[in-house]
Amino acid sequence: MTEGLPPPKGARREGKVFLNPDGSRPGQSFGALWRLMRERGGTPWPERVENPVFPAPPAPPPGHATVTFLGHASFLIQPHGGPVMLTDPIWSERCSPFSFMGPKRVRPPGLAFEALPPIDIVLLSHNHYDHCDIPTLRRLHARFAPRILTGLGNAKLLARHGMRDVAELDWWQEAPLPGGGAARFLPARHFAARGLHDRAHTLWGGFMIEPASGGRIYFAGDSAWGAHFEEIGQRHGGIDLALLPIGAYAPRWFMQVVHVNPEEAVRAFAVLRAREALAMHFGTFKLTQEGIDEPVEGLRAALAEAGLPEARFRAPGCGESVVVRLEK
């Protein structure tokens with residue numbers, strides 16, 4: 001699949017700052033952020049939404065994986081024969097540096113923490129509070145002590161909280177999975193920060209999961225639209241399932257440099273050449289101005305415009321499990 005392609009390039013820096021795959025500086029300026037804070041508008045969300053009741057995640061048959069949507073960017077991924085993985089796990093009530101303020105979840109996690117099976121691996125896309133939730137990671141460490149795979153520069157933060165079994169990866173670099181197979185860290189157009197003075201000092205990205213039993217599952221993490229999606233599709237053909245964000249995109253003038261909207265998510269799905277996709281990054285935390293239902297409605301409209309059946313790119317229910325065929 002990579003014949004004729006030059007070797008992939010790792011992330012570049014200007015001083016301490018990592019750059020986007022296209023060489024642009026990540027995120028918006030502080031002036032743009034100040035303008036956003038002065039803007040009024042946006043669609044209110046409900047205070048609380050209860051999840052439908054879904055069956056417990058079924059054991060995957062040979063040649064398959066069970067993928068359970070837990071809310072926001074959290075998935076429980078269980079290929080037949082293992083390993084058992086979590087992406088960007090968050091069970092906290094807020095995605096914030098503070099327990100008393102900041103975006104509050106409007107729906108509970110799709111699976112109770114106590115109902116989790118033993119977790120082997122955590123895939124951590126970047127250090128934003130809605131993706132790198134230290135209270136949840138500490139609970140996972142105390143219960144399962146999973147290995148954490150993440151981008152360059154994130155191990156220091158995790159070590160401060162007792163988590164030292166961490167593999168830091170550059171873009172296109174891979175790490176082995178327990179029992180065989182690998183997970184490769186892939187480019188995204190986004191940024192990272194935990195405060196005001198560390199923007200883009202650590203690396204962000206997505207993951208290509210290739211279990212020993214075969215197949216490919218792509219977890220995009222957070223990303224704006226960019227040519228990296230097509231490059232991933234070219235270098236990793238035969239993606240069985242893509243986990244793609246569809247929410248946190250309004251107002252477009254501000255969010256377009258960090259998050260895809262539903263139309264761009266469908267475009268990414270097309271250039272990735274994935275067989276199926278599940279939507280994420282919607283309906284859990286109110287991070288931006290669109291209404292709670294607008295990402296899913298926008299996804300349906302974008303699929304219709306592209307002439308694609310809704311069954312190929314679904315917005316799962318929070319707690320819903322999908323059994324996906326993995327091709328060798």
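The residues of the chain are indexed from 1 along the displayed sequence. Please read all numbers here as calculations on a predicted model, not as lab measurements.
- Ion pairing between a basic and an acidic side chain is recognised when a charged N comes within 4.0 Å of a carboxylate O; Arg300 and Glu305 show no such pairing.
- Residues Asp88 and Ser125 bring a donor and an acceptor atom of their side chains to less than 3.5 Å of each other.
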Salt bridge (charged side-chain N to carboxylate O under 4.0 Å, His left out) assessment of Arg325 paired with Glu327: CA-CA 6 Å; Arg325 175 171 51 87; Glu327 295 186 350; 2.5 Å; yes
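- In this structure, His128 and His126 have perpendicular ring planes: the angle between them is above 60°, well past the 30° mark.
- Hydrophobic clustering (ILVMFWY, side-chain heavy atoms < 4.5 Å, transitive): Phe75 and Met208 are in one cluster.
- There is no path of hydrophobic side-chain contacts, each under 4.5 Å, that joins Val260 to Val258.
- Residues passing the ring pair (Phe, Tyr, Trp, His ring centres under 6.0 Å) test with Trp172, sequence neighbours excluded: none.
- Applying side-chain hydrogen bond (donor to acceptor under 3.5 Å, both in side chains) to Ser223 and the options Arg189, His228, His190 leaves one that passes, His228.
- The ring pair (Phe, Tyr, Trp, His ring centres under 6.0 Å) check on Phe313 picks up Phe269, with sequence neighbours excluded.
- Counting only residues at least two apart or on different chains, the salt bridge (charged side-chain N to carboxylate O under 4.0 Å, His left out) pairs with a member in residues 171-183 are Glu174-Arg184.
- A salt bridge links Arg139 with Glu114: at least one charged nitrogen is closer than 4.0 Å to a carboxylate oxygen.
- Taking 4.0 Å as the cut-off between side-chain N and carboxylate O, Glu290 and Arg252 do not count as a salt-bridged pair.
- The distance from the NZ atom of Lys286 to the OG1 atom of Thr43 is 7.0 Å, given to the nearest 0.5 Å.
- Remark: Arg267 is not positioned above the aromatic ring of Phe229, lacking an NZ or CZ atom under 6.0 angstrom from the ring centre and at most 45 degrees off the axis.
- When hydrophobic clusters are built by joining Ile, Leu, Val, Met, Phe, Trp and Tyr residues whose side-chain heavy atoms come closer than 4.5 Å, directly or via intermediates, Leu299 is not grouped with Met255.
- Applying the side-chain hydrogen bond (donor to acceptor under 3.5 Å, both in side chains) test to Arg275 and every residue at least two apart in sequence or in another chain returns Asp240.
- The minimum heavy-atom distance linking Leu137 with Cys132 is given by the pair CD1-SG, 4.0 Å.
- There is no side-chain donor-acceptor pair under 3.5 Å between Thr87 and His131.
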Steps toward side-chain contact (heavy atoms from CB on, under 4.5 Å) verdict (Leu308, Val266): CA-CA 9 Å; Leu308 293 170; Val266 170; 4.0 Å; yes
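- Across Ala265 and Leu244, no two heavy atoms sit closer than the pair O-CD1, 3.8 Å.
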Intermediate values then yes/no, side-chain hydrogen bond (donor to acceptor under 3.5 Å, both in side chains), His281 and Asp222: CA-CA 8 Å; His281 210 261; Asp222 266 359; 3.0 Å; yes
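- For residues 56-70, every residue pair satisfying the side chain to side chain donor-acceptor pair (under 3.5 Å) rule, not counting sequence neighbours, is listed here: Thr68-Ser321.
- The pair Arg48-Glu93 meets the salt-bridge criterion, since a charged nitrogen lies less than 4.0 angstrom from a carboxylate oxygen.
- In this structure, the separation between CH2 on Trp253 and CG on Leu36 is 5.5 Å, given to the nearest 0.5 Å.
- Looking at every heavy atom in both residues, Ala224 comes nearest to Gln256 through CB-O, 3.3 Å.
- Nearest heavy atoms, Pro89 versus Thr136: O-CG2, 3.7 Å.
- Contact of the His259 side chain with the Glu264 side chain is not registered, since no non-hydrogen atoms from C-beta on lie closer than 4.5 Å.
- With sequence neighbours left out, Glu47 forms a salt bridge (charged side-chain N to carboxylate O under 4.0 Å, His left out) with no residue at all.
- Residues Leu243 and Leu111 are members of separate hydrophobic clusters, defined by side-chain heavy-atom contacts under 4.5 angstrom among Ile, Leu, Val, Met, Phe, Trp and Tyr.
- Taking CG of Leu203 as the reference point, atom CD of Gln173 lies at 10.5 Å (rounded to 0.5 Å).
- Distance check, rounded to the nearest 0.5 Å: CZ of Arg25 to CZ of Phe191 gives 13.0 Å.
- A cation-pi arrangement, defined by a distance under 6.0 Å to the six-membered ring centre and an angle within 45 degrees of its axis, is absent between Arg105 and Trp91.
- In Arg143, the CZ atom is crowded: over 12 heavy atoms of neighbouring residues, nucleotides or ligands sit closer than 6.0 Å.
- Gly110 and Cys318 get closest at one heavy-atom pair: N-SG, 3.6 Å.
- Taking the six-membered ring where the residue is Trp, His72 and Phe285 present perpendicular rings, their angle passing 60° and hence far from 30°.
- Taking the six-membered ring wherever Trp is involved, the centroid distance between the rings of Phe185 and Phe207 falls below 6.0 Å.
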Worked verdict on Glu50 versus Arg107 for salt bridge (charged side-chain N to carboxylate O under 4.0 Å, His left out): CA-CA 6 Å; Glu50 294 304 320; Arg107 65 175 82 239; over 6 Å; no
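- Counting heavy atoms from C-beta on, the side chains of Pro21 and Trp171 come closer than 4.5 Å.
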Stepwise side-chain contact (heavy atoms from CB on, under 4.5 Å) check, Val106 with Thr284: CA-CA 6 Å; Val106 302; Thr284 304; 5.8 Å; no
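- Rounded to the nearest 0.5 angstrom, Ile77 CD1 and Phe69 CZ are separated by 12.0 Å.
- Screening Ile148, Leu116, Leu123, Leu124 for a side chain to side chain contact (heavy atoms under 4.5 Å, CB included) involving Leu86 leaves a single residue, Leu116.
- Across all their heavy atoms, Leu287 and Cys95 have their closest contact at CD2-SG, 3.9 Å.
- Looking at Arg194 and Leu157, their side chains come closer than 4.5 Å, going by heavy atoms from C-beta outward.
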Candidate pair Leu76 and Ile119, rule side-chain contact (heavy atoms from CB on, under 4.5 Å), full reasoning: CA-CA 9 Å; Leu76 173 66; Ile119 303 299; 3.8 Å; yes
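- If you chain together hydrophobic residues whose side chains sit under 4.5 Å apart, Ile121 and Leu326 fall into the same group.
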Intermediate values then yes/no, salt bridge (charged side-chain N to carboxylate O under 4.0 Å, His left out), Arg312 and Glu276: CA-CA 5 Å; Arg312 289 194 61 200; Glu276 299 178 51; over 6 Å; no
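- Judged by distance alone, with hydrogens and angles left aside, the side-chain atoms of Asp170 form a donor-acceptor pair with the main-chain N or O of Ala11 at under 3.5 Å.
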Criterion side-chain contact (heavy atoms from CB on, under 4.5 Å) on Thr202 and Leu152, from CA distance to verdict: CA-CA 6 Å; Thr202 63; Leu152 296 174; over 6 Å; no
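- A cation-pi geometry, defined here as NZ or CZ lying under 6.0 Å from the six-membered ring centre and within 45° of its normal, does not hold between Arg12 and Phe18.
- Between atom CE of residue Met85 and atom CG of residue Leu149 there is a gap of 9.5 Å, rounded to the nearest 0.5 Å.
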